[in-house]
Amino acid sequence: MEENLLSEGRGAAAIVGVGTTEQGELPGRSGNEIAVEAFRLALEDAGITKHEVDALITCRSYGGFGIDTQIGAMIGLNPRFSATLEYGTCNFSLHLAVMAIAAGMATTVALTYGTNQRTQRRRFSAVADSAGDLEAPYGFVNIAGPAAMAFRRHQFLYGTTEEQLGAIPVAQRRHAMLNPLAIFKEPLSLEDYLASRYVVRPLRRPDICMISDGGACLIVTDRRRVADFRPPPVYILGAAQRTGLRHHRDPDAFLRPWIKGMSQELFGRAGVARADIDLLYVQDPTSVYVLQALEDYAFCSVGESGPFAEDGRIQIGGELPVNTNGGQLSESYMWGWLHLCEATRQLRGECGSRQVAGARVALYCSYMGYRKAAASVLGSEVP
Amino acid sequence: MTESPSRPLPELDDPVVGPFWASARERRLVFQRCEHCGHLRWPPEAGCPECLTPGGTWTEVEGAGEVWSFVIYDHPFDPAFRGEIPYNVALVQLDAGPRLITNIVGVKSDELRVGMRVVVEFENVTPAVTLVRFRPVGEAYAGLPAR
């Protein structure tokens, strides 16, 4: 009985279009214009016109742009349903799309994101973790601060080394070198990593993503409609979220203790086992998030993520390829949107020299700092 | 640390947080205690986040605790801190319960350790603002260094 209830939503919606603009520095265009370009590219990929889209979910971009009322006017649509998420790191937006479809409020949803935050010289010097004037006076700024603190604690508890952390940016750079969309394509060896400067000790420059311009769009539809679209569908097999809104009112907030049990719920709903996961994507403002995700989603025991990341295990060709696009560390900082575009393209088998042969199931994990988490299991077929 | 006047400063007039900074000025470390359930809260709120009772009584606590973790900023994300790099930021777990983002003073960067025992140190950074910082106490921490 419970299995029936759980499985009802499994694969209820599918990604049937992705659009990605050029990434890096795109002067002369607003973030919203870039989002519209991504929308046009996603429609082209999906093989539909804009009139087949009946819902719009946009992601607010840095500076207060990207609002549904703005984007809707620019693409000339009156969708049945529209919304904007404040922290639209794309799992949260994707989950809202799946819910709108499951509720019958939408059939085909466009999800858009675009930003020109690099051209605008946005500094991201604001408070590290939205506690405002209680933390900024002490110089606790930028997301690298909490991540560095989490990593130092992990080192203390488990003996994790900087070399083990470095295996993550090194692996992702190898992947970026195979990705035409990626910004950073110069080789990065572990030696190069260890020789690079510290930014927030113990984190170095390659552990932290660079602010970039760009856009991305996804088209998500009801599973009963997938035949109306050109590409093979990529099903959202399961989704789950957790929050740690109490934050420092609980101990160990930077280790996200509230995430325990999430992966079991997620894999149960998706009808997959952990061993079925062919590809792992982690939204990575810093490499530390990837390290933490390996434990959060139980690919290894708590404390074992350092050794797990080594020996090429997370590289293409390894046991669990992670962020095959290069991630935010080496591809582009798009609040996780490009991870989902890459996962979709991998599951369609379109990734050329970086294609993971036979990939059928992907897990995409994203975090809103140390206060929220969301994850989706994607598959090329519904189990 | 040399303070720059343009660095971010606390909002002393904030009705909820203001009393914390006013007490720091008097070298007293205070938190709101719930009159109903006794919970000592941080960050400050108008009511108790545990039992939802409005209000609370500012109560002085002993400023002793240990370093949960720390980082060293080598890059000034905020230009106001340019003159201070490298500087440390730590999360201190107080014996009384609250966990504070703060700086550790009176110690070199390479002598900082996770688990180090610390005690509160009030530092005037402007004529009106006193920050709540911490200083190592007793013998050097005997535990494992952070590798």
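Below, read A as the first sequence line, B as the second, and so on, with proteins coming before strands; counting in each chain starts at 1.
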Side chain B:Tyr87, main chain A:Gly139, donor-acceptor under 3.5 Å: yes

Do B:Pro49 and A:Arg246 come within less than 4.5 Å of each other through their side chains, counting heavy atoms only? no

Between A:Pro137 and B:Leu9 the two heavy atoms that sit nearest each other are CG-C, 4.0 Å

Say whether, by atom type as modelled, one donor and one acceptor occur between the side chain of A:Asn142 and the main chain of B:Phe77 under 3.5 angstrom. no

From A:Tyr138 atom OH to B:Arg133 atom CZ, the distance as rounded to the nearest 0.5 Å: 7.5 Å

Nearest heavy-atom pair of A:Asp133 and B:Pro10: which atoms, and what distance? OD2-CA, 3.9 Å

Test side-chain contact (heavy atoms from CB on, under 4.5 Å) on B:Trp68 and A:Asp252; report intermediate values, then the result. CA-CA 8 Å; B:Trp68 185 88; A:Asp252 302 328; 2.7 Å; yes

Does B:Val118 have any side-chain contact (heavy atoms from CB on, under 4.5 Å) partners at least two apart in sequence or in another chain, and if so, which? B:Val67, B:Val92, B:Ile104, B:Phe134

Applying a strict 4.5 Å limit to non-hydrogen atoms, the region of B:Val17 in contact with chain A is side chain

Nearest heavy atoms of B:Val71 and A:Gly145, plus distance in Å: CG1-O, 3.8 Å

Are the side chain of B:Tyr73 and the backbone of A:Phe140 linked by a donor-acceptor contact shorter than 3.5 Å? no

Region of B:Val132 that comes under 4.5 Å of a non-hydrogen atom in chain A: both

Does the cation-pi check pass for A:Arg152 over B:Phe70, that is, NZ or CZ under 6.0 Å from the six-membered ring centre and within 45° of its axis? yes

Crowding at CG, B:Asp13 (>12 non-hydrogen neighbours, <6.0 Å): no

Assess whether atom CD of B:Glu62 is packed by more than 12 heavy atoms of other residues, nucleotides or ligands within 6.0 Å. no

Heavy-atom closest pair, residues B:Ser69 and A:Met149: OG-O, 2.7 Å

With rounding to the nearest 0.5 Å, note down the distance linking CG in A:Leu134 to CZ in B:Phe20. 7.5 Å

Test item: B:His75 and A:Arg197 side chains (from C-beta on) under 4.5 Å apart, heavy atoms: yes

I need the minimum non-hydrogen distance between B:Pro86 and A:Arg201, along with the two atoms involved. CB-NH2, 3.5 Å

Close side-chain approach of B:Leu91 and A:His248, heavy atoms under 4.5 Å: yes

Given A:Arg249, which partner from the list B:His39, B:Glu50, B:Glu45 fulfils the side chain to side chain donor-acceptor pair (under 3.5 Å) test? B:Glu45

Grab the two heavy atoms, one from A:Arg153 and one from B:Val114, that are nearest each other, plus how far apart they are. NH1-CG1, 3.5 Å

